[in-house]
Amino acid sequence: MIVTTAQLFKHAYGKYAVGAYNINNAEQAMGLFRGCIDSKAPFIIQISKGARKYTDKRMLEAIIRAASEIFPEAIFAVHLDHGDEQTCYDCIDSGFFSSVMIDASHDPFDQNVAITKRVVDRAHAKGISVEAELGMLGGVEEDIKVEEGNACLTDPAEAEQFVKLTGCDSLACAIGTSHGAFKFKGKQSLHFDVLDKIKARLPGFPLVMHGSSSVPQDEVARINAAGGQIAGSMGVDVNEYLPAAKRGVTKVNIDTDGRLVWTRVHREFFRDKPGEFDFRPPGKIFMEEYAKFIASRNVLLGSANQLDDLRKSLGK
Ligand code: G3H
Ligand code: 13P
Ligand code: ZN
């Protein structure tokens, strides 16, 4: 069942965070749905602009509709990740997305407000929720690369003003994370002080944490042992997910970790079976491994075992 992120956030707020996982193909979709059903967790499927271009935007919609039929007990939202204004309108008009993210965080404050407000007006007219972003994460985001020194944390006073001016439904805040596999050079740490200040100014308002992959070091070691070269990578400490959730973070974005699972499975498979050229055996292994990974994340986010209670609260 597709619901809005607003419905998911209402149930989660202050208790747990909903995992928001990016998908690009059928294998990721199958692993994601299986992992969320096995762990009895609601979830958010995120589709980036790059994912919509990877095959054809209609392909992902068809895959998600099919997965929803295969797993009828699933409760999830379908969300555009890091949209620009035009892509937001395209998704709002598609009738398929239950929420969109407008990311104008690279623009000056006033421009970010103006763009976000236009998207909010169009989305709300159709009952669709809008996530916006204020502050700047480091790392690589599709077509934009932000060097670590240029990333800037969200200003709590600006956050309050931004939400009032735009009417957005949730806010992605920069609190020290970044996209990709190389998040921290020194110590892993989130700025909980900033989060506390934002929560104090926006009580009850759903916050979003991008760049939340944990970059498991055992995955990285296995990838490197099978020919990969991603030394020096570091992610978010998984023990910081729940403390963030208690401070109003209701959506935690995880994409890179799924790519690492894919890379580990395929590198090891073809290393161990150099004569193999059928992609289905590793694809099967990936779907199983990804499902296990997703279930493990849902436990850490506190969203595991919330499905029955959420269903009741939705009156379904
Ligand atoms: O924030 C970016 C997400 O990880 C999506 O990545 O734009 O390469 O699909 P992508
Ligand atoms: P990661 O690169 O940490 O997985 O972040 C994903 C993300 O924020 C998608 O919007
Ligand atoms: Zn992101």
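Nothing fancy with the numbering, it's 1 onward along the sequence. Quantities reported herein were computed from a predicted structural model and do not represent experimental measurements.
Of the possible polar contacts, none joining the Gln7 side chain to the Val3 backbone as a donor-acceptor pair under 3.5 Å is found. No donor-acceptor pair under 3.5 Å is formed between the side chain of Asn253 and the backbone N or O of Ser212. With hydrogens and angles ignored, the 3.5 Å screen pairs a side-chain donor or acceptor of Ser213 with a backbone N or O of Thr256. Remark: side-chain polar atoms of Ser39 are paired, donor with acceptor, to backbone N or O of Gly35 under 3.5 angstrom.
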Evaluate the salt bridge (charged side-chain N to carboxylate O under 4.0 Å, His left out) criterion for residues Arg52 and Asp90: first the C-alpha distance (whole Å), next the side-chain angles of each, then the deciding distance (0.1 Å), finally the verdict.
-> CA-CA 11 Å; Arg52 295 176 91 228; Asp90 193 39; 2.9 Å; yes
Apply side chain to side chain contact (heavy atoms under 4.5 Å, CB included) to Asn298 and Tyr21, showing your working.
-> CA-CA 11 Å; Asn298 292 339; Tyr21 304 102; 2.7 Å; yes
How far apart are the C-alpha atoms of Leu171 and Phe162, what are their side-chain angles, what is the distance that settles it, and do they pass the side chain to side chain contact (heavy atoms under 4.5 Å, CB included) test?
-> CA-CA 9 Å; Leu171 186 68; Phe162 184 87; 3.7 Å; yes
Could you go through the side chain to side chain contact (heavy atoms under 4.5 Å, CB included) check for Gln306 and Tyr16 one step at a time?
-> CA-CA 9 Å; Gln306 295 288 347; Tyr16 65 93; 3.5 Å; yes
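A side-chain N or O of Thr116 and one of Asn112 form a donor-acceptor pair less than 3.5 Å apart. With no hydrogens or angles considered, no side-chain donor-acceptor pair links His106 and Glu133 at under 3.5 Å. Asp84 and Thr87 share a side-chain donor-acceptor pair at under 3.5 Å. For the 3.5 Å distance criterion, the side chains of Gln46 and Lys251 qualify, holding a donor opposite an acceptor. Residues Ser99 and His79 have side chains that bring a donor and an acceptor to within less than 3.5 angstrom of each other.
Here the shortest heavy-atom pairing between Arg271 and Ala225 reads NH1-O, 3.6 Å. For Val18 against Pro42, the heavy-atom pair with the smallest separation is CG1-O, 3.9 Å. Counting all heavy atoms, side chain and backbone alike, Ile175 lies closest to Met209 at CD1-SD, 3.7 Å. When all heavy atoms of Leu153 and Gly176 are compared, the closest pair comes out as CD2-N, 3.4 Å. Of all non-hydrogen atoms in Gly211 and Leu137, the two that sit nearest each other are N-CD2, 4.1 Å. Contact between Pro216 and Asp257 at its shortest, heavy atoms only, is CD-OD1, 3.4 Å.
Residues His210 and His82 are in side-chain contact: their nearest non-hydrogen atoms beyond the backbone lie under 4.5 Å apart. At least one side-chain heavy atom of Ile294 sits less than 4.5 Å from a side-chain heavy atom of Cys36. Contact of the Phe9 side chain with the Phe205 side chain is not registered, since no non-hydrogen atoms from C-beta on lie closer than 4.5 Å. A heavy-atom distance below 4.5 Å is not found between the side chains of Ile75 and Lys316.
Residue pairs meeting the salt bridge (charged side-chain N to carboxylate O under 4.0 Å, His left out) criterion with at least one member in residues 166-182, sequence neighbours excluded, do not occur. For residues 115-135, the set of pairs meeting the ring-ring contact (aromatic ring centres under 6.0 Å, His included) definition, not counting sequence neighbours, is empty.
The pair Lys312-Asp308 does not meet the salt-bridge criterion, since no charged nitrogen lies less than 4.0 angstrom from a carboxylate oxygen. Ion pairing of Glu289 with Lys292 is present here, as a side-chain N (NZ or NE/NH1/NH2) and a carboxylate O approach within less than 4.0 Å. A salt bridge links Glu160 with Lys164: the distance from a Lys NZ or Arg NE/NH1/NH2 to an Asp or Glu carboxylate oxygen falls below 4.0 Å. Under the 4.0 Å criterion applied to side-chain N and carboxylate O atoms, Arg222 and Asp218 are not assigned as salt-bridge partners.
Remark: Gln111 engages Asp107, Pro108, Ile115 in a side chain to side chain contact (heavy atoms under 4.5 Å, CB included) (not counting sequence neighbours). With sequence neighbours excluded, the residues forming a side chain to side chain contact (heavy atoms under 4.5 Å, CB included) with Ala157 are Asp155, Arg201, listed by chain and number. Partners of Glu219 according to the side chain to side chain donor-acceptor pair (under 3.5 Å) rule, which considers only residues two or more places apart in sequence or in another chain, are Arg264. Under the side chain to side chain donor-acceptor pair (under 3.5 Å) criterion, Asp93 pairs with Arg122, Lys126, not counting sequence neighbours.
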